[in-house]
Number of protein chains: 2
Amino acid sequence: MTMTDPRKRLDQMISKLRENNYRITPQRLAVLRILATSTGHPSVEKIYGKVKKDFPTTSLATVYKTLIVMKEIGEVLELGFGEGGNRYDGNKPYPHPHLICTGCGQIIDPDLESLQGVTEELIKATGFKINTHRLDFFGVCPNCQKAGSKKPVEN
Amino acid sequence: MTMTDPRKRLDQMISKLRENNYRITPQRLAVLRILATSTGHPSVEKIYGKVKKDFPTTSLATVYKTLIVMKEIGEVLELGFGEGGNRYDGNKPYPHPHLICTGCGQIIDPDLESLQGVTEELIKATGFKINTHRLDFFGVCPNCQKAGSKKPVEN
DNA sequence: ATTTGAATGATAATCGTTATCTGTTAATAA
DNA sequence: TTATTAACAGATAACGATTATCATTCAAAT
Ligand SMILES: [Mn+2]
Ligand SMILES: [Mn+2]
Ligand SMILES: [Zn+2]
Ligand SMILES: [Zn+2]
């Protein structure tokens with residue numbers, strides 16, 4: 001799997017903003033930097049907290065609005081969860097499976113070769129035209145299995 | 001796939017309520033009947049609307065509370081969507097894939113033999129202990145493909 | 001430097017869901 | 001059958017994540 005270089009990813013995002021006639025503001029840049037450098041899947045509050053370290057006057061609404069823009073131009077993937085806020089993937093903005101540890105809260109991107117066959121089987125069986133999908137697995141990571149680790153990771 | 005008999009399914013649900021020392025009230029029975037007879041995946045508002053036809057004094061809170069109870073005893077599957085409310089499956093309360101038509105809004109249960117292999121691949125690759133999962137496909141059904149059908153089905 | 005429409009920041013509004021509280025009732029046993 | 005009582009129903013307030021609103025500021029083009 002191609003490991004994305006954060007700097008290149010940031011430049012990609014900036015280019016996409018320019019292409020779509022969005023302005024490059026310091027607040028947006030701060031959000032984009034966090035999205036590009038995060039290996040995990042940060043929440044809005046996590047992004048907001050980090051942005052305020054460099055730019056203390058930033059509003060939570062600005063973070064939300066930036067994420068809406070990035071979703072619109074297809075440069076961030078939103079993972080909606082019922083509880084406690086959504087999570088965002090700025091490195092792989094296309095549909096892909098996720099693995100959530102209910103112990104520590106971490107969300108990782110597993111590689112699943114066998115997934116492609118499932119979509120093909122679905123199309124053949126139903127005649128649907130598939131546009132997107134969402135696949136989440138919930139379980140306990142190896143680290144949380146051996147000890148009752150109660151520490152949330154939240155990356 | 002075993003087509004569930006609504007009456008048997010209703011009796012199952014009632015038994016489960018009794019086993020867990022929950023009371024059988026007319027309002028709960030009305031909700032259970034709807035869950036047992038629905039082939040689709042009704043929303044809370046849809047359930048509420050149907051319940052009120054037979055029992056006009058029913059409160060929306062009662063529908064919510066009944067669904068919470070049914071979730072707790074593992075007899076209904078909740079499908080959380082960000083927009084416009086959750087959907088419920090009272091016939092297959094275990095994890096299974098769903099296929100959502102973004103044209104008419106219908107949600108169906110496809111049979112996907114190849115899905116089991118995906119979970120096995122994931123366990124081998126990550127060492128996680130998998131407890132549950134969620135798989136949704138979003139697309140356009142054959143009916144909505146041939147004409148720009150704008151009628152929501154909402155079953 | 002000027003202009004101007006888009007973006008920011010602060011806050012109100014939204015909406016599905018949950019909590020609260022009072023009156024009612026299903027379930028148990030006398 | 002009636003009495004008892006804890007659970008439930010109904011009405012509504014509260015909640016929380018997200019979105020809308022709007023006056024002020026500023027990025028970008030001239
Ligand atoms: Mn991801
Ligand atoms: Mn289903
Ligand atoms: Zn863990
Ligand atoms: Zn359709």
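Throughout, a chain's letter reflects where its sequence line sits, starting with A, and its residues are numbered from 1. Values in this document were obtained by computation on a predicted structure and should not be read as measured data.
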Nucleic acid contacts - residues 25-34 of chain A versus DNA chain C, non-hydrogen atoms under 4.0 Å: A:T25, A:Q27, A:R28
Expressed in angstrom and rounded to an integer, what is the separation of [X] atom [atom1] from [N] atom [atom2]?
X     : N      : atom1 : atom2 : result
A:K65 : D:dC26 : NZ    : C1'   : 14 Å
B:E19 : C:dA27 : CD    : P     : 15 Å
A:K52 : C:dT8  : NZ    : C1'   : 15 Å
B:E72 : D:dA7  : CD    : P     : 14 Å
B:R18 : C:dA26 : CZ    : C1'   : 11 Å
B:Y48 : C:dT17 : OH    : P     : 14 Å
B:I24 : D:dC8  : CD1   : C1'   : 12 Å
B:L67 : C:dG16 : CG    : P     : 15 Å

Looking at residues at least two apart in the chain, or sitting in another chain, which of them share a ring pair (Phe, Tyr, Trp, His ring centres under 6.0 Å) with A:H98? A:H41, A:H96
Donor + acceptor pair across side chains of A:Q27, A:T58 (<3.5 Å): no
Under 4.0 Å between a side-chain N or O of B:T62 and OP1 or OP2 of D:dG10? yes
Which is it for B:L10 and B:T37 under the side-chain contact (heavy atoms from CB on, under 4.5 Å) test, yes or no, and what are the steps along the way? CA-CA 8 Å; B:L10 179 60; B:T37 58; over 6 Å; no
A:R23 side-chain proximity, nearest of C:dT20, D:dA6, C:dA7: C:dA7
Side chain of A:T57 only, heavy atoms from C-beta on: which candidate in D:dC8, C:dG9, D:dG10 is closest? C:dG9
Residues forming a side-chain hydrogen bond (donor to acceptor under 3.5 Å, both in side chains) with B:R134, sequence neighbours excluded: B:D136
Where do B:T57 and B:F55 land on the side-chain contact (heavy atoms from CB on, under 4.5 Å) test, with the steps shown first? CA-CA 6 Å; B:T57 67; B:F55 219 90; 3.9 Å; yes
Name the pairs: protein N/O against N/O of nucleotides 16-18 of chain D, kept only if under 3.5 Å.
residue, atom, partner, partner atom, Å
D:dT18, OP1, A:N86, N, 3.2
D:dT18, OP1, A:N86, OD1, 3.3
D:dT18, OP1, A:N86, ND2, 2.9
D:dT18, OP2, A:Y64, OH, 2.4
D:dT18, O5', A:Y64, OH, 3.4

Under the side-chain contact (heavy atoms from CB on, under 4.5 Å) criterion, do A:L17 and A:M70 qualify, and how do the steps go? CA-CA 8 Å; A:L17 277 180; A:M70 298 309 288; 4.0 Å; yes
Walking DNA chain C from its 5' end, the first of A:A61 and A:N21 to be reached, judged by nearest nucleotide, is A:N21
If you measure from the Lys or Arg side-chain nitrogens to the Asp or Glu carboxylate oxygens, is any gap between A:R9 and A:E75 under 4.0 Å? yes
Apply side chain to side chain contact (heavy atoms under 4.5 Å, CB included) to B:I123 and list each qualifying residue two or more places apart in sequence or on a separate chain. B:T119, B:I130
Under 3.5 Å, which donor-acceptor pairs do the side chains of residues 77-86 of chain B form with other protein atoms, sequence neighbours left out?
residue, atom, partner, partner atom, Å
B:E78, OE1, B:K71, NZ, 3.2
B:E78, OE2, B:K71, NZ, 2.9
B:E78, OE2, B:N86, ND2, 3.4
B:E78, OE2, B:Y88, OH, 2.8
B:N86, OD1, B:F81, N, 3.4

